[in-house]
Every structure is written in C-alpha cells, then in structure tokens.
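Residue numbers begin at 1 in each chain, while the letters A, B, ... track the order of the sequences.
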Protein chains: 2
Amino acid sequence: MEASEAGRGTGGSGTAGQVWLRTPARAGRAAPPLTRERIVEEAVALLDAEGADRLTMRRLAERLGTGSTTLYWHVKTKDDVLDLALDAIFAEVEIPPEGGQGWRAGITALINGWRAVLLRHPWSAALLSRPMLGPNVLARSEFLYATLLEAGVTGPGLTAAAYGLSNYVIGSGLMQATWPTGAEREVRRAAREYLHANRERYPVLAAHGPLVADDDWETGFALGLTWILDGIEAGIARADERGPMSAGR
Amino acid sequence: MEASEAGRGTGGSGTAGQVWLRTPARAGRAAPPLTRERIVEEAVALLDAEGADRLTMRRLAERLGTGSTTLYWHVKTKDDVLDLALDAIFAEVEIPPEGGQGWRAGITALINGWRAVLLRHPWSAALLSRPMLGPNVLARSEFLYATLLEAGVTGPGLTAAAYGLSNYVIGSGLMQATWPTGAEREVRRAAREYLHANRERYPVLAAHGPLVADDDWETGFALGLTWILDGIEAGIARADERGPMSAGR
DNA sequence: CGGTTACCGGATCAACGATCCAGTACTCGA
DNA sequence: TCGAGTACTGGATCGTTGATCCGGTAACCG
C-alpha cells in the first residue's frame, strides 16, 4: 500500500514546488520498478498461494502495488503471464552435470526434479495443455535429447524415448497434483466411500482402489520410470548387436 | 429459432382459449425437452467445434434454443457441465471383451482407444486436471485393474502398473493434443524456425527436434507402451519364479 | 528547451458465471 | 372439475473478469 502511495506523488503539482513534498526520484521508490521478471515472480507466488483460478490481473497488480492496466505494458495478455510463469518454475529443475554417472542416473535425476517441480506448484498441471517453448523448458529438453543421443538412442527411438519420458512425468504430475490433498481430503474420503458403496459395479477398484497413500505415489512412479528406462536400454542393446559400429544399413 | 418460438406459447392466455392457438402439448415440441443428457451432448458438440474457451453457458443455451438461466436448473455450475462432458466422451472408449487374447492385447486395445478419444476431443486435454470419477471413467479403470490383477500383477505393482499406463496415455494425449495442428500449423513452423535460429543453444533439439511428423506420434506412442508392458510382464515373471503358486509370504 | 520515449493508471467496455424472482405448463388428488 | 403443488423456463440483474482507450508523468537526448 505504501508503495502505491509513494508512487502516486502529490498530485496537482500546483503548490508542490517543494522537493520534499514531491515524489522522490524513481530510484528512491519503495518497490523496485515494474519489470516483466517481477510480474512473473509475483504471479508464481500468487499461483502457489491461491491456485490457478484465483489469479486475475487485478489481484496480481494489487500485489505489485500498481494498477491492473500497467501490467499490460509489460505483458500482452494474461496468457502470456501464465506461459511465463510456467516456464519460470522449470528453472528450479536442476540440470545434471554433463559427465555424470551414466545416462540412466542423469535422466532419472532430471525426471525426478521435473516431477518435484510439478508437485511443488500444483497449478502448473492445469497449464500443461499449452505449448511449452520457453527457454527453461527447452534447455531441459535439450539435455534430455543430448543424453539419450549420447547413450546410443537413435532414429525413431529417440523421439519415442524422449516423449515417453516426458509424457510419463507430465501424466504423473498431472494425476497426482489433481488429486485432492490437504484441506480437500474429505473429497478423497467421499470418493472412497462412493467406490465402496458401488462395489458391485467396481469390485476391483473398491478392493484395490486407486486411492493410494502418499508414499505409494513415489514408489509407483519410480517403478514405472525404471520400466521405461529398461525399455530404452533394451532398444540400445538391440541396436548395438545389430551393428555395434556400423553406421546405416 | 423455431424451437424457441414454438416453446414460448401464445403468451397472456387471456384470449387463448382456442386449443389450436395454444402451444401444442409438450410432446409436440420441435426440440426434445431439455435434459441433462441433452445439455451434455450439446456441450460436447460445442467443445468439439470451437474448443474449450469458447464454451460459455450463454452460447450453450443458445445452441439448445433456451435461455442461459434454464441450464442452471439441470446443472449446478459450469464445472458440472465440463465434468459431465469429460466423462461422456469416455463412453466412446470400447471396453475389450472379457476373455480376449491375453491381457496384453486387452490392455493395449483399451489404452489405444483411450488415446484415440483424447485426440478426437482435443479440448479434453485441458480438462484432465480435474478428478475423474464419472461412471464411464470408473468402468474403464475397473477393466484395467481387473485385467492386470488377473494377469498376475499384485501388491504395489498393481497401482504402479495402472497408474503408469494411465499417466502415459494422459501425458501423450495432452502433449499431442496441445501441439498446434491444422490451422495453427504456422505456429509449429515458427517454433521450428525459432529452434533453428537458436541452434547454438539447442543443438540437439534443432537437429533431432521434437517437432515430429504426425506418423511419428503413433509409432513413438506404441513403442513406449510396449516398454511399459514389458516392464509389467517382467515384474509378473519375477513374482512367479519367487513363488509360482504360494500365496502370501 | 523541445520533443521523444518509456511507463503509469482511472475510467470504461463487452462478456462471463451465477442468482433473483416472476412467471408458465403439467400433474395429481379430492 | 378445480385448485394446490411441482417441474421447468427466462428476462433482468449483480459482481467480476480480461482488455483497451486515452490522458497523464518522469527521465533522457540533442
């Protein structure tokens, strides 16, 4: 609030010849000047705190101590804010060092970090349905492709491997972030009761239901990941025995 | 338009004693009476035709020849419409017959059908971030769990297998449905050009880029699916050799 | 000092989801 | 046959949203 007050100045400038009464120089402002980075940063904070549907340009502007209109100088649409916020959180995914302990370790680390980010910012799950072309996403995709390529994955298997891994993380993150936790835990309980009540129609689900504990997510995800990695590895082995050093046909 | 006209009746009912001038019996209406099913059906059609963000209660009501208010008698919120529409399209996924050609064939058929639906209704990708508890979704999950269970997948592997498969389909569908096709193909081309322009930062992506042709999606998806199925099968084999017929510890 | 650029925000617009409330048609029991 | 109850409809309206118009102000450059 004081930021907004300080930025507004003393208004009519009629009797305001006194420097002391006027707005201090821009550098002296309480809040740093508005930049695209600051907007995105605050948008992520707001999304983390209140979720995707509570993000409006007005509320975001209020948190930044400016008017909502101002945001549109730095950003074209609200969708831009969402795209930027989505890419911004991918910066948290650490890219493993180049010469690591083998390609499986590197890829596993990347995928796990990716997944951790998706779960740390659950709102991102709902945003994954837009093309991700930001620099942070691309950098991590680049690492993924490079690591696979160096491991010996080539041709159509490369795309399949990269997409398989990506799709698996995204699906998992989406599924788990979707699932009500915390305060909405009653929804979860209600779902379990519903399944139990209709256990004649869904006998297996009611018995071995998908409403797993939090730990099961971890182990299940890790298990599925090893399956995919095993499949990729088997593909490399087959390619190698067909022709270990011979390129092409 | 005529449906709306016919449904409105002759108004004041003062001079309208004549049966011929009055509204024909409800059964004689041009449009069938409004039901939840009809609303959902039309919502799916609207979503298919114009996408998720073009679906509003007003437009939906207009297509149904009623006022927007009326919809709220059959449905509590707009989110209800989306949830119902999402479950409705899952009815298109054919559930393979019980005694099929082995569990792999059955699961493959289900997963492929699932994927086809996601691609046929691209708007559904953006909606997957809400809990899916509708009857159609549950019935297909039931089949998945039952088939896996019958194949010999037990314990934590069951949840892992079911979620692994689901997450993989969802991620794939999301990714592919997201990717601009058809009219937005220029976006795709622009992305490729962008990658090429920044090929120093993303050398591998620019060369073996993820901007695949349509066919590659299919083969890549099938390849990844076999990997997961292989992993599940290997798990079954390991469990069998530990104790082919011994239950429990 | 005049003008150009970068940045800010009050007022405003059209569209949205949702609700209020006044209706209208049909049903069922007496 | 009537009259009360119920199922359903929709015009008007409310608060909120994303976005734009347009008039400002501060810094900088020649």
Within the 4.0 Å heavy-atom criterion, would you say [X] contacts the bases, only the backbone, or no part of the nucleic acid?
X: B:T70; value: base
X: A:L60; value: nothing
X: A:L55; value: sugar-phosphate
X: A:T69; value: base

Grab the [atom1]-[atom2] distance between [X] and [N] for me, whole Å please.
X: A:E62; N: D:dT17; atom1: CD; atom2: C1'; result: 15 Å
X: B:R59; N: C:dC16; atom1: CZ; atom2: P; result: 7 Å
X: B:L64; N: D:dC8; atom1: CG; atom2: C1'; result: 15 Å
X: B:L71; N: D:dC8; atom1: CG; atom2: P; result: 14 Å
X: A:I39; N: D:dG18; atom1: CD1; atom2: P; result: 14 Å
X: A:Y72; N: D:dG23; atom1: OH; atom2: P; result: 21 Å
X: A:K78; N: C:dC16; atom1: NZ; atom2: C1'; result: 12 Å
X: A:M57; N: C:dA11; atom1: CE; atom2: C1'; result: 18 Å

Respond yes when some side-chain nitrogen or oxygen of A:H74 is under 4.0 Å from OP1 or OP2 of C:dA6, and no when none is.
-> no
Report yes if at least one side-chain N or O of A:W73 is closer than 4.0 Å to OP1 or OP2 of C:dC7; otherwise report no.
-> yes
Would you verify whether the NZ or CZ of A:R140 falls within 45 degrees of the ring axis of A:F90 while also being under 6.0 Å from that six-membered ring's centre?
-> no
Any chance CD of B:E92 has more than 12 other-residue heavy atoms, nucleotides or ligands included, within less than 6.0 Å?
-> yes
In terms of heavy-atom contacts, A:L144 and A:S166 come closest through CD2-OG, 3.9 Å
Might you work through the ring-ring contact (aromatic ring centres under 6.0 Å, His included) test for A:F221 and A:Y168, ending with a clear yes or no?
-> CA-CA 9 Å; A:F221 177 80; A:Y168 182 67; 5.1 Å; yes
